[in-house]
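This report concerns only the one structure given below.
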Protein chains: 2
Amino acid sequence: MLSYTEENYLKALLMLGLQNEDKPEVGTNDMAAYLGVKPATATDMLKKLKEKDLVTYQKYGKILLTAIGRKKGIAVLRKHRLWETFLYEKLDFSWDEVHEVAEQLEHIQSEKLVNKLEEFLDFPEFDPHGDPIPKANGEIPIVHRILLSEMKENETCRVVAVKDTSALFLQYLERLNVTIGTKITVLEVVDFDGSLNVQIGNAPVRSVSVKFAESLFVKK
Amino acid sequence: MLSYTEENYLKALLMLGLQNEDKPEVGTNDMAAYLGVKPATATDMLKKLKEKDLVTYQKYGKILLTAIGRKKGIAVLRKHRLWETFLYEKLDFSWDEVHEVAEQLEHIQSEKLVNKLEEFLDFPEFDPHGDPIPKANGEIPIVHRILLSEMKENETCRVVAVKDTSALFLQYLERLNVTIGTKITVLEVVDFDGSLNVQIGNAPVRSVSVKFAESLFVKK
DNA sequence: TAAATTTGTTAGGTTAGTCTAACTTTAGTA
DNA sequence: TACTAAAGTTAGACTAACCTAACAAATTTA
Ligand SMILES: [Mn+2]
Ligand SMILES: [Mn+2]
Ligand SMILES: [Mn+2]
Ligand SMILES: [Mn+2]
């Protein structure tokens, strides 16, 4: 049985690994930063996780989840995203509110609960932020998506997910009427600062920053 | 902010207090037994709860929740019973399965969640075991009910709640087709051992033990 | 390649929650 | 009332998860 804390470390390792595509190795500092603890604390926990065969690593080396560690991490992520979907779909939470509560709910221990929940939600494929929900067998659907910042001039795309899930960004998106599925056309990429002139839905053309464009996942 | 553990102690104190009707005082040993810890541990925690003004007590004296402590305890109980109802009503859990999971869910921290959940469930008054669900304002509806063992010969009643919520008892009730609302007629009280000859619904007359009769709440 | 910077580890300490064993107080019984 | 049994407390110890400060290794950069 894993503790609440151990689960958080495994999920963190998984998430950080998923970010860097082909290189799922992660460093102590990244991990600590992600979890809001000090590097020393992360090192301690790493030793414990290694002892339990949940990660492989050696002093000053990179960290890699073992098959078991990865499986456990995925189970937590699955619960996280299912709960987010529940809160959003059934309890009228807004997409910037779900994360904090799901962060707690993801640790509830009950196979039956998570599977019944999934059924109750009608086997959703994506969470409110557009991220794929891992299946009961541990499979994470691969979604082909790119950042808005990677789009070229005169290309059109649809928003499929948010990379930054901070309340600040999500609330800003709401103000701009951007949700999953919104159509965006890139009219111009400004050389000076990389900002984009875009048309969002049918709204008047406007400019968005690089930071903005690097926080949205889209699909052509 | 209360820890998971502190919440469990407050709920335990509340529950034990509610059991003894007019005397809501509780002893260290009862508390420890209820929570599955040693008396020494309960004493330690008591000091902390006193420090935080959640209980009043002095060495070797009885324990009493303060107004604040009681309120916090009720909030946990409210969440517990709402979650049990959710699991039972929406996710098809059986009434002997809900408790264990609710024991974890009751600690999720989110005012909004509990109130939205209540709304989603259509403001239920009772949990799957027939126990009243505290209101958002902290009020616990008082339900007038007696034990089946207190019934006299030739009286008829309906089951309104279970006192013993162990899986063993609940599964036994299912086998006998007893649920909340089932009609029971006491035909005879056997002097020898206090057992009752009862008719449950339309089933053939059968005998139930004192232990059984003391585990069911009914209403005439 | 040597110095400077970044990254990661170790040592030692804290707090919450638990335990056992020994002790003290209170309550019940003779 | 005195004695015994039950109830409750204290002392000392342990583990998990965290920290700070000092140090060591690896990487970058000049
Ligand atoms: Mn978490
Ligand atoms: Mn999400
Ligand atoms: Mn609990
Ligand atoms: Mn219940």
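Letters A, B, ... are given to chains in the order of the sequence lines, protein chains preceding strands, and every chain is numbered from 1.
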Ring-face cation contact, F93(B) with K112(A), 6.0 Å cut, 45° max: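 Yes.
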Any side-chain donor-acceptor pair under 3.5 Å between H80(A) and D127(A)?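 Judged by distance alone, the side chains do not pair up.
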Gap between atoms [atom1] and [atom2], on [X] and [N] respectively (whole Å):
| X | N | atom1 | atom2 | value |
| --- | --- | --- | --- | --- |
| E51(B) | dT15(C) | CD | P | 14 Å |
| D30(B) | dA6(D) | CG | C1' | 12 Å |
| L2(B) | dA16(C) | CG | P | 13 Å |
| K62(B) | dT25(C) | NZ | C1' | 12 Å |
| E6(B) | dT18(C) | CD | P | 10 Å |
| I63(A) | dG8(C) | CD1 | P | 7 Å |
| N29(A) | dT5(C) | CG | C1' | 13 Å |
| M31(A) | dT7(C) | CE | P | 15 Å |

Nucleotide nearest Y60(B) when distance is taken to its side chain, options dT25(C), dC19(C), dA26(D):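 Of the candidates, dT25(C) comes closest.
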Of the listed nucleotides dT18(C), dT9(D), dG8(C), the one nearest the side chain of T28(B):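 When the side chain of T28(B) is considered, dT9(D) is the closest of dT18(C), dT9(D), dG8(C).
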Can the ring centres of F86(B) and F86(A) be said to be less than 6.0 Å apart?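 Yes, close enough.
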Side chain to side chain donor-acceptor pair (under 3.5 Å) involving D92(A) - partner list, sequence neighbours excluded: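 Residues passing side chain to side chain donor-acceptor pair (under 3.5 Å) with D92(A): none at all.
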Under 4.0 Å protein heavy-atom contact, by nucleotide of nucleotides 10-16 of chain D - B base, S sugar-phosphate only: B-----S
Does K38(B) make a side-chain N or O approach to OP1 or OP2 of dA21(C) shorter than 4.0 Å?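 Looking at the OP1 and OP2 atoms of dA21(C), neither is under 4.0 Å from any side-chain N or O of K38(B).
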Is the number of heavy atoms from other residues, nucleotides or ligands within 6.0 Å of NZ (K163(A)) greater than 12?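 Counting other residues, nucleotides and ligands, NZ of K163(A) stays at 12 neighbours or fewer.
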Enclosure of N137(A) CG (heavy-atom neighbours >12, cutoff 6.0 Å):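 More than 12 within 6.0 Å, yes.
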If you measure from CZ on F212(A) to CG on L196(A), what distance do you get to the nearest 0.5 Å?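 Those atoms lie 9.0 Å apart.
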With heavy atoms under 4.0 Å as the rule, sort Y4(A) into base, sugar-phosphate or nothing.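 If one applies the 4.0 Å heavy-atom cut-off, Y4(A) turns out to touch nothing in the nucleic acid.
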